[in-house]
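Sharing a structure below in structure tokens format, with a few things to ask.
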Amino acid sequence: MDVNDKNYRGRVFDIVRQIPKGKLMTYGQIAILLGEGYTARTVGYVMHDADKDVPWQRVINSQGMCSTQHLLLPHNKQQLLLEQEGIVFNEKGKCNLEEYRWKPEGYEEEDEQPSLFG
DNA sequence: AACTTGACGAGGG
DNA sequence: CCCCTCGCCAAGT
């Protein structure tokens, strides 16, 4: 699997583009969603070079924090952008994923139906 | 071809 | 909770 494959990157970006304003996804969540050949690390890797129309700021790590805060991005650009979208972070730069996590509708491949007669 | 480096994540102390 | 280690996988040296 080649992450430079436009199809590979395209699948990741297609998902990210669907994240609504005010919602978030994690790298790992996207990787699991796409399945075969995708891992959290590789998703993160392609995100560093996202297309202009991709809301890259809506993808954060599983701890509910912006992985970019101590990186090259000016200040806390990612967190700032998210706060402008209504996301609330605590003083340690963490947000409530339970509240903001978004799950796309059309991508369930192996849905686990909670059996009513369990 | 070996070794290091990440926009990652789960698990143990 | 915070910190560390380890598994992961592609890129850069």
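Atoms considered below: every heavy atom in the structure, side chains included; atoms not considered: hydrogens, waters and symmetry mates. Throughout, a chain's letter reflects where its sequence line sits, starting with A, and its residues are numbered from 1. Remember, predicted model here, so these are calculated numbers, not experimental data.
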- Query: Is the shortest distance from a Lys or Arg side-chain nitrogen in A:Arg11 or A:Asp14 to a carboxylate oxygen in the other one below 4.0 Å?
  - Reply: no
- Mind listing the closest non-hydrogen atom pair of A:Leu97 and A:Ser62 along with its distance? CD1-O, 3.5 Å
- Given C:dA11, C:dC9, B:dA7, the nucleotide with the shortest approach to the side chain of A:Thr39: C:dC9
- Measure the distance from NE2 on A:His48 to C1' on C:dA11 and round it to the nearest whole Å. 8 Å
- Message: Whole angstroms only, please: what is the CE-C1' distance between A:Met65 and C:dC2?
- Response: 10 Å
- Task: Consider the side chain of A:Val3, meaning its heavy atoms from C-beta on, and name the nucleotide among B:dA7, C:dA10, C:dC8 that approaches it most closely.
- Result: C:dA10
In a table with atom names and distances, give each donor-acceptor pair under 3.5 Å that connects a side chain of residues 87-95 of chain A to protein atoms at least two apart or in another chain.
| from | atom 1 | to | atom 2 | distance (Å) |
| --- | --- | --- | --- | --- |
| A:Asn90 | OD1 | A:Lys92 | N | 2.8 |
| A:Asn90 | OD1 | A:Gly93 | N | 3.1 |
| A:Asn90 | OD1 | A:Lys94 | N | 2.9 |

- Item | Sole residue of A:Val43, A:Val54, A:Leu33, A:Val59 in side-chain contact (heavy atoms from CB on, under 4.5 Å) with A:Ile15 | A:Leu33
- Go through the structure and list residues passing side-chain hydrogen bond (donor to acceptor under 3.5 Å, both in side chains) with A:Gln63, not counting sequence neighbours. none
- Could you give the CG-to-P distance, from A:Leu34 to B:dC8, as a whole number of Å? 17 Å
- Query: In residues 90-97 of chain A, which ones come under 4.0 Å of DNA chain B, going by heavy atoms?
  - Reply: none
- Task: Mind calculating the distance between CZ (A:Arg9) and C1' (C:dA11) to the nearest angstrom?
- Result: 13 Å
Which protein N or O atoms sit under 3.5 Å from an N or O of nucleotides 9-13 of chain B?
| from | atom 1 | to | atom 2 | distance (Å) |
| --- | --- | --- | --- | --- |
| B:dG9 | OP1 | A:Tyr27 | N | 3.4 |
| B:dG9 | OP1 | A:Gly28 | N | 2.6 |
| B:dG9 | OP2 | A:Ser62 | N | 2.7 |

- Residue set satisfying side-chain hydrogen bond (donor to acceptor under 3.5 Å, both in side chains) with A:Thr26, at least two apart, ordered chain then number -> none
- Following the transitive rule for hydrophobic clusters with a side-chain heavy-atom cut-off under 4.5 Å over Ile, Leu, Val, Met, Phe, Trp and Tyr, establish whether A:Met25 and A:Tyr38 coincide in one cluster. yes
- Query: Got a sec, which residues hit ring-ring contact (aromatic ring centres under 6.0 Å, His included) with A:Phe13, two or more places apart in sequence or on another chain?
  - Reply: none
- Note on the structure: Rounded to whole Å, the OH-C1' distance (A:Tyr45 to C:dA10) equals 7 Å
